[in-house]
Amino acid sequence: MISPQQGLFHSIQTSNCKCDPHRFQAQPMFLLPRFIFFSSRQPHPKKLSAKLKEDEEVLDLYEGGLGGKALKQKVENIGINWDSCTPGQYTHLICPLCKGGESKERSLSFHINQNEKVAMWRCFNFECGWAGHVLADVGRAQDGVHRVNQANFPKKMTEENLRLEPLGDELIDYFAERMISPEILEKNYVMQTIDDKNVIAYTYRRNGELVNCKFRSITSRKFWQAKHGERILYGVDGIKEGNEIIIVEGEIDKLSMEQAGILNCVSVPDGAPQQVSTSLPSKKQDTRYKYLLNCKGYLDKASQIVLATDGDGPGRALAEELSCCLGKERCWLVTWPKKDEFGCYKDANEVLVHLGAEALRQVVETAELYKVKSSI
């Protein structure tokens, strides 16, 4: 069991691990025969030894003005089956680079525009992030359009390079069923992806600047984060200096608290561990709670921290580890109200939906000192 004296803050602060700021910078490009560019970071799906003749044929197509055929050849050169895509629509495919990761999912969003002049793609596998585009109407390399995977994202994260847009009616309705109003969503900059209207984008901001983004699909229920986002608490930009901060387990629970009028609330970015660590974490594990260290200036000013994590086993494990990081002497724990004879409501959003805002406020107000309530 992690003790307050051996908290994760101490482990993080004394760790020799250092973040490499250049890890996610764009990789250099190199020139292949016939002026076709590829990134040196990712291997091309096909063997380069067989490409010389193919490249000559591709260039002939460009010079002959056959844009559609040229685009088809270029798309297939990066390992995409042209016939599996429909111009004007987004197609979800197995990424030829990461092969869908461990889950083998169709993580690559691929799009060919209606007139077959441009193809663009992005892999939403967190461990991959391959992205790029190719154009058809090109004759020379200096036109600057044969670039594949020049960079996963520019150094500065923006709504534009993450391809975000305001929430549409479908996702607004999704949140309405969970009693979250459009005003709360807009205030917290909740958005959606342009490539898939069923993917929520929770934007993480500090001092008004976008520093991370967590994506969640309402169809597959899977989630992932921007590859080089900064590790911070969700909603920390809205924290006001005061005596109390509420910490919840998920973004929708933070929105639920705010819907109930509880403003000094933040969410952890990674969810909960399956169980409490039984020993001091390794340096590798220390990075899991880096978001606490990155927000230490906000947390240090709070004399009382209310842990409103989920009521299941992982939620209780998260509360235990957070209390060890932050100091149990200033942590309080909520008790979720009974749902029926078999159990209790699980989290803030369930209480908001089924019991209302007043009941959720009452839950927070009746939280008890953690060292009295905790029984992991």
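These numbers come from a predicted model, not from an experiment.
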So, does N113 use its side chain to make a donor-acceptor pair with the main chain of P87 at under 3.5 Å? no
Considering non-hydrogen atoms only, spot the tightest contact between L255 and L185 and give its length. CD1-CD2, 4.0 Å
Donor-acceptor pair, D340 side chain versus G343 backbone, under 3.5 Å? yes
Which atom names give the shortest non-hydrogen contact between T91 and C85, and what distance separates them? OG1-CA, 3.8 Å
Quick one: does Q192's side chain have a donor or acceptor within less than 3.5 Å of a partner on G168's backbone? yes
Please confirm whether the backbone N or O of T203 pairs with a side-chain atom of K214, one donor and one acceptor, at under 3.5 Å? no
If you group Ile, Leu, Val, Met, Phe, Trp and Tyr by side-chain heavy-atom gaps below 4.5 Å, do V334 and L369 land in one group? yes
I'd like to know if R316 and D310 make a salt bridge, using a cut-off of under 4.0 Å between side-chain N and carboxylate O. no
Between Y291 and E230, is there a side-chain donor-acceptor contact under 3.5 Å, judged purely by atom types and distance? no
Output, in order, the C-alpha distance, side-chain angles, deciding distance and verdict of salt bridge (Lys or Arg N to Asp or Glu O under 4.0 Å) for K72 and E116. CA-CA 9 Å; K72 177 180 179 180; E116 300 183 7; over 6 Å; no
Exam field: side chain H111 to backbone Q89, donor-acceptor pair closer than 3.5 Å: yes
Do E105 and K99 meet the salt-bridge criterion of a basic N to acidic O distance under 4.0 Å? no
N264 (side chain) donor-acceptor with K240 (main chain) under 3.5 angstrom: yes
Parallel under 30°, tilted from 30 to 60°, perpendicular over 60°: which one fits the rings of W224 and F215? parallel
State whether the side chain of R361 and the backbone N or O of A260 hold a donor-acceptor pair below 3.5 Å, judged by distance alone. yes
Rounded to the nearest 0.5 Å, what separation is found between the CD atom of E177 and the CG atom of N349? 11.0 Å
To the nearest 0.5 Å, how far apart are CD in E358 and CG in L352? 12.0 Å
Compare every heavy atom of A348 with every heavy atom of D253, then report the nearest pair and how far apart it is. OD1-N, 3.5 Å
Check the pair S181 / Q259 against side-chain hydrogen bond (donor to acceptor under 3.5 Å, both in side chains), numbers first and verdict last. CA-CA 7 Å; S181 69; Q259 188 72 51; 3.3 Å; yes
dist L171:CG -> I218:CD1 (nearest 0.5 Å) comes out at 5.0 Å
Would you mind listing every salt bridge (charged side-chain N to carboxylate O under 4.0 Å, His left out) that reaches into residues 183-193, with sequence neighbours excluded? K187-E258
Hey, what do you get for CG (L162) to CG (L164), rounding to the nearest 0.5 Å? 5.0 Å
Does the R330 side chain pair with the main chain of L326, one donor and one acceptor, at a distance under 3.5 Å? yes
For a quick check under 3.5 Å, do N161 and T158 share a side-chain donor-acceptor pair by atom type? yes
Co-membership, hydrophobic cluster, residues F223 and Y202, 4.5 Å side-chain: no
Point-to-point distance, once rounded to the nearest 0.5 Å, from OG1 of T309 to CD1 of I246: 13.0 Å
Does the pair K197/E165 count as a salt bridge with the N-to-O cut at 4.0 Å? yes
Please find the pair of heavy atoms, one from R231 and one from N212, that lie closest to each other, and give the distance. NH1-ND2, 3.7 Å
Transitive ILVMFWY cluster of I194, excluding itself - 4.5 Å side-chain cut-off: Y90
Is a side-chain donor or acceptor of N188 paired with a backbone partner of V190 at a separation under 3.5 angstrom? no
Could you tell me whether the side chain of P337 reaches within less than 4.5 Å of the side chain of C344, counting heavy atoms only? no
Nearest heavy-atom pair of M257 and A308: which atoms, and what distance? CE-CB, 3.8 Å
Answer yes or no: is there an ion pair linking D237 with R205, defined by an N-O contact shorter than 4.0 Å? no
With no hydrogens and no angle check, is any side-chain donor or acceptor of Y370 less than 3.5 Å from a backbone partner on E320? yes
List the steps, then state whether side-chain contact (heavy atoms from CB on, under 4.5 Å) holds for I245 with I239. CA-CA 8 Å; I245 292 179; I239 290 294; 4.2 Å; yes
So, E251 versus Y204: side-chain donor-acceptor pair below 3.5 Å or not? yes
Could you tell me the separation between the CZ atom of F110 and the CD1 atom of I80, rounded to the nearest 0.5 Å? 5.0 Å
Are E321 and Y289 close enough that a side-chain donor and a side-chain acceptor fall under 3.5 Å? yes
